[in-house]
Amino acid sequence: MPIRPLVFLTLLLHLLIGVRLLPSLAALTSFWPVLLLLLAVSAVTMPLPFIGRRSSAKPVSDTWKWVGLLSMGWFSSMFVLTLARDAGLLGAWLGGSAGLWNVDWPLVSAWSAAAVPLMATSTSLLGFVNARRTAGVRRVDVPIAGLPSALEGFTIAQLSDIHVGPTIKRGYILRMVEAVNALDADVVAITGDLVDGSVPELRDHIAPLGGLRARHGTYVVTGNHEYYAGAPAWIAELRRIGLQVLLNEHVVLRQDSPGRSTGDNEALVLAGVTDFTAGHFDASQASDPEGSLAGAPLASTTRVLLAHQPRSATAAAAAGFQLQLSGHTHGGQFFPWNLFVPLQQPFTAGLHRLRDMWVYVSRGTGYWGPPKRFGAPSEIALLRLVRAR
């Protein structure tokens, strides 16, 4: 959206909240100008993170982007809670009109108006703490039918949706890398949306990912945000720091041990596809789960796909994968957006079954936009393959 309509819409929505809350709040407390000031600051700063993204305007500094993104998170809760308050007041009015109860309208209106900013501010503060902490480890066993004994206990540490950009920088990445390396996984998988910016802007902040350690290495697939930020340059940069980017292709991983080499039937095929929407940006990179298996050993029946969006799962199941690892949804990141994810994606978070294939959807290791997570904590997923009983 161009910046001017965005500014106008932002001002209009803030005005709506002010009209609905401030008169009632003024009847309760003399501190109502504080809310007026917060709404004014929010209205002015919310568009700042978007200035200069797709225009000739000079981008604002990261400090102002921080302020704008914090405002965005707070405003989101303010808007939803204001709508919820109005719905509640309507229900109370209908009940009162039907003679079900008596309503003290001045009291209900005033205290409900006070509850909106108190709840929005408290959830935003808690959401900020949740977003900025180092993601916790979520351990998940995935039962695979016919899993070879050589692959029993094979572990994949999954990172997803880190969104390195205005508020996620090198320090955040260093803490994350330290946590992943402590897991001693067989593979590290990064399932897209790693960056929100160009290579020159973020090269130094991404660099610690080159220190990720796993027995078979670190593999990356592109997400939609890589294409917003310039996918070819990022693919080259990630390969330069030692990460292996899978673009509709695969690798064959063997758990060899001293004195024993495993055959194809005991190997794991790890494939990766470009983002579900990649073809809109570059037709040559259209996502192709079936094509990613071209040349794979037929005897290697344990097949895992890295695909940024869960909606790749239908094609992945048809191609014969046993497990797909995805992200993209952030688990909704914070209420009420988790309610809208199912409108676009088949799964929101966690482990799910699609025909003969498992799909694991990460809630994300970082966050997009507002530094806020409420009801959908970030995660580093450690998936362990076990034989289905």
Side-chain angles (χ1 to χ4, degrees), residues 1 3-51 59-93 96 103-133 165-168 332-339 367-377:
M1 179 183 289
I3 191 64
R4 288 183 181 177
L6 177 64
V7 171
F8 177 76
L9 178 61
T10 299
L11 290 172
L12 191 63
L13 294 176
H14 281 80
L15 179 62
L16 173 64
I17 293 175
V19 169
R20 296 301 303 140
L21 299 182
L22 289 173
S24 297
L25 194 61
L28 179 68
T29 175
S30 60
F31 289 99
W32 65 267
V34 175
L35 178 58
L36 178 61
L37 177 62
L38 289 174
L39 286 170
V41 170
S42 177
V44 170
T45 60
M46 260 184 60
L48 295 181
F50 304 98
I51 293 178
V60 298
S61 69
D62 281 350
T63 300
W64 283 111
K65 289 180 181 178
W66 257 105
V67 176
L69 292 169
L70 288 168
S71 294
M72 187 188 303
W74 179 77
F75 166 78
S76 177
S77 292
M78 284 290 295
F79 182 68
V80 169
L81 289 170
T82 299
L83 294 180
R85 172 182 179 265
D86 283 348
L89 291 177
L90 176 61
W93 178 80
V103 179
D104 185 340
W105 283 109
L107 186 66
V108 170
S109 180
W111 281 105
S112 62
V116 169
L118 289 174
M119 292 175 65
T121 301
S122 60
T123 56
S124 294
L125 289 173
L126 182 58
F128 176 82
V129 173
N130 288 338
R132 293 300 300 173
R133 69 177 179 85
T167 65
I168 294 181
Q333 192 159 316
F334 58 90
F335 181 83
W337 308 117
N338 57 308
L339 303 179
Y367 53 84
W368 179 83
K372 180 175 179 178
R373 276 190 172 273
F374 191 77

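Surrounding CH2 of W93 are at most 12 heavy atoms belonging to other residues, nucleotides or ligands under 6.0 Å away. A 6.0 Å sphere centred on CH2 of W64 holds no more than 12 heavy atoms belonging to other residues, nucleotides or ligands.
Side-chain contact check for L48 versus V67: every heavy-atom pair is 4.5 Å or farther apart. Taking 4.5 Å as the limit, some side-chain heavy atom of V41 sits within range of a side-chain heavy atom of T45. Residues L89 and S112 have side chains in contact (heavy-atom distance under 4.5 Å, counting atoms from C-beta outward). Taking 4.5 Å as the limit, some side-chain heavy atom of S124 sits within range of a side-chain heavy atom of K372. Side-chain contact check for T123 versus F335: every heavy-atom pair is 4.5 Å or farther apart. Side-chain atoms of V116 and M78, non-hydrogen and from C-beta on, do get closer than 4.5 Å to each other. Looking only at side-chain heavy atoms (C-beta outward), S77 and F374 stay at 4.5 Å or farther from each other. Taking the side chain as every heavy atom from C-beta outward, I168 and R132 approach each other to under 4.5 Å.
Heavy atoms only, all atoms of each residue included: G375 and P377 are closest at C-CD, 3.8 Å. Annotation for G18 and P23: closest pair O-CD, 3.6 Å, computed over non-hydrogen atoms. Across V103 and A92, no two heavy atoms sit closer than the pair CG2-O, 3.9 Å. Taking both residues in full, the closest heavy atoms of L39 and H14 are given as O-CD2, 3.3 Å, listed atom of the first, atom of the second, then distance. The nearest pair of heavy atoms linking L81 to A120 is CD1-N, 3.6 Å. A pairwise comparison of heavy atoms in P166 and W66 identifies O-NE1, 3.7 Å as the closest pair.
Looking at L9, L11, I17 one by one, the single match for side-chain contact (heavy atoms from CB on, under 4.5 Å) with L13 turns out to be L9.
A donor-acceptor distance shorter than 3.5 angstrom exists from the side chain of Q333 to the backbone of W368, with no hydrogens or angles considered. Remark: side-chain polar atoms of T121 are not paired, donor with acceptor, to backbone N or O of L118 under 3.5 angstrom.
L35 contributes atom CG, which lies 5.0 Å from atom CG of L22 (distance to the nearest 0.5 angstrom). Note: L25 CG to W111 CH2 = 10.0 Å, rounded to the nearest 0.5 Å. One distance of note links CZ of R133 with CZ of F128; it measures 13.5 Å at 0.5 Å rounding.
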**OP:** Applying side-chain contact (heavy atoms from CB on, under 4.5 Å), run through W74 and L38 and close with a yes or a no.
**Re:** CA-CA 10 Å; W74 179 77; L38 289 174; 3.7 Å; yes

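Each side-chain hydrogen bond (donor to acceptor under 3.5 Å, both in side chains) pair with one or both residues in residues 30-40, not counting sequence neighbours, would appear here, but there are none.
Among residues two or more places apart in sequence or in another chain, the salt bridge (charged side-chain N to carboxylate O under 4.0 Å, His left out) test is passed with R85 by none.
Aromatic ring pairs are classed by plane angle as parallel below 30°, tilted from 30° to 60° and perpendicular above 60°; the pair W337 and F334 is perpendicular.
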